[in-house]
Amino acid sequence: MSVVVIGSLIIDNTIYVQRIPNHGETVFAKSSLVSFGGKGANQALAAHLSGTDVQLIGCIGQDSEGDQYKKHLKGNGVSTKFLLHSNKYKTGSAFITVEESGENSIIVNPGANQEITPDHIDNYSKLIAKTDILLLQQEIPEESVKYACSLAKNCNTKVVMNPSPIKPTFNINDFPCDVLILNEIESEQLSGHKCPLKSIEVLGRLGVNSIIITQGPGPILLKHESNNTLEYSPPKVNAVDTVGAGDTFAGAFASALSEGIQIKEAIQFAGTAASISVTKPGAQGAIPSKKEIESFPL
Ligand code: RIB
C-alpha cells in the first residue's frame with residue numbers, strides 16, 4: 001500500500017479577483033494568498049491524507065522557500081528524504097488568479113523542478129520497483145516523465161498518469177501507463193473531440209487500460225478495459241477555489257487504488273475528495289483527510 005510521486009513543488013502566489021482583467025485593463029483584487037503548491041506535491045499530500053504511505057521525489061531551491069516547503073511537508077507527515085536541492089535554480093513559483101466563480105488560470109515558473117532528470121530518477125529505480133503505484137504529472141521535464149513511465153513498466157509497477165499541464169505534442173505512446181487521468185480540456189486536446197463521451201471512446205482505443213475524464217462539477221467518466229463508459233456524479237458543493245482539485249482527485253485516487261480498492265469505488269472516493277477541496281482556498285490547505293472524505297454526506 002504505497003504510492004511514489006515524482007513531480008513538482010511550487011510556491012503558489014494567488015490573487016482572488018471578481019474577474020480576470022482584459023488586456024490593458026487594471027482591476028482590484030479582493031485578497032491574495034501565498035501557499036504551497038505544485039502538482040507533484042499537491043498529489044503527494046492528497047495521497048498521504050487519504051491514508052497511504054507516500055514518497056515524493058522532487059526538487060526545491062537552496063532558498064528560504066525551499067526550506068519552508070520542507071518544513072511544511074514534514075509538519076504534514078510527508079517524507080522529504082527524496083527531495084533534491086538545486087544550486088542552480090530557485091524553488092518553483094506559480095502566479096494564479098481565481099475568479100469569483102472559483103475558476104482559475106495559472107502561470108508556472110518551474111525553477112528547480114527542471115532539475116529532475118532521467119539520471120536522477122534512475123537513483124530511485126528500486127523504490128519505483130517496490131511501490132504499488134507510480135503517480136506522475138508534467139511539471140518536470142518531459143523526458144524524465146517518459147523515463148519514469150518506462151522504468152515502472154519494466155518492473156510491473158502500476159503507473160497513474162495525469163499529463164497536466166498537457167503539451168500539444170503529447171503522445172501517449174511515449175508514456176506507457178495503466179491509468180490516464182484527464183480533465184475535459186485535456187481530453188479534447190488529445191482526442192480532437194469536444195464531446196467528452198466521444199472523446200473517451202476515441203482515447204479508449206489508445207491501449208491504456210483505464211481512462212478517466214473529470215469535468216469539474218460534471219460527471220466523471222471512466223472507460224475501463226473495453227467496457228462501456230461509466231459515469232459518476234461527484235457531490236454538489238459551492239466552489240470558492242478550484243486550484244488543486246485535479247491534484248486532490250489524482251492523489252486520492254492513487255491512494256485508494258494502492259489499497260486494492262476497485263477502480264469504480266476509487267473514483268467515487270477521489271471525486272468526493274476533489275469536491276470537498278474546492279470549498280476552501282488554496283491547493284494544499286484544501287485537501288481533505290480520509291476521515292473527512294468518508295464522512296462527507298453524499
Ligand atoms: O494543479 C494546481 C497546481 O498547478 C498549483 O498548485 C500550481 O502550483 C500549479 O502547478
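All ligand and atom numbering here is 1-based and tracks the order in the structure.
Few gaps surround CG on Asn171; more than 12 heavy atoms of other groups in view lie less than 6.0 Å from it.
Distances below 4.0 Å separate heavy atoms of Ile106 from the following atoms of ligand 1: 4 (O), 9 (C). Atoms of ligand 1 lying under 4.0 Å from at least one heavy atom of Gly37, given by number and element, are 6 (O), 8 (O). Applying the 4.0 Å criterion to heavy atoms of Ile10 picks out, from ligand 1, the atoms 8 (O), 10 (O).
When hydrogens are left out, the protein atom nearest atom 4 (O) of ligand 1 is Lys39 NZ, 3.1 Å; that is the closest non-hydrogen contact. In this structure, the protein non-hydrogen atom closest to atom 3 (C) of ligand 1 is Asn42 ND2, 3.7 Å. The protein non-hydrogen atom at the shortest distance from atom 2 (C) of ligand 1 is Asp247 OD2, 3.3 Å. Closest to atom 10 (O) of ligand 1 among all protein heavy atoms lies Glu139 OE2, 2.5 Å.
Ser210 and Glu225 are not linked by any side-chain donor-acceptor pair at a separation below 3.5 angstrom, with hydrogens and angles left out of the test. Defined by atom type and a distance below 3.5 Å, a donor-acceptor pair is present between the side-chain atoms of Asp247 and Gln43. Thr91 and Asp63 share a donor-acceptor pair across their side chains, judged by distance under 3.5 Å alone. Residues Thr242 and Asn104 have side chains that bring a donor and an acceptor to within less than 3.5 angstrom of each other.
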Stepwise side chain to side chain contact (heavy atoms under 4.5 Å, CB included) test for Leu180 and Leu182: CA-CA 6 Å; Leu180 182 64; Leu182 304 164; 4.0 Å; yes

Pair Phe253-Phe269, ring-ring contact (aromatic ring centres under 6.0 Å, His included): steps then yes or no: CA-CA 7 Å; Phe253 172 80; Phe269 178 79; 9.9 Å; no

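The shortest heavy-atom distance from Gly246 to ligand 1 is not under 4.0 Å.
The N/O atoms of Gly38, backbone and side chain alike, include one that comes under 3.5 Å of an N/O atom in ligand 1.
When Asn13, Asn162, Ile107, Asp12 are checked for heavy-atom proximity to atom 7 (C) of ligand 1, Asp12 turns out nearest.
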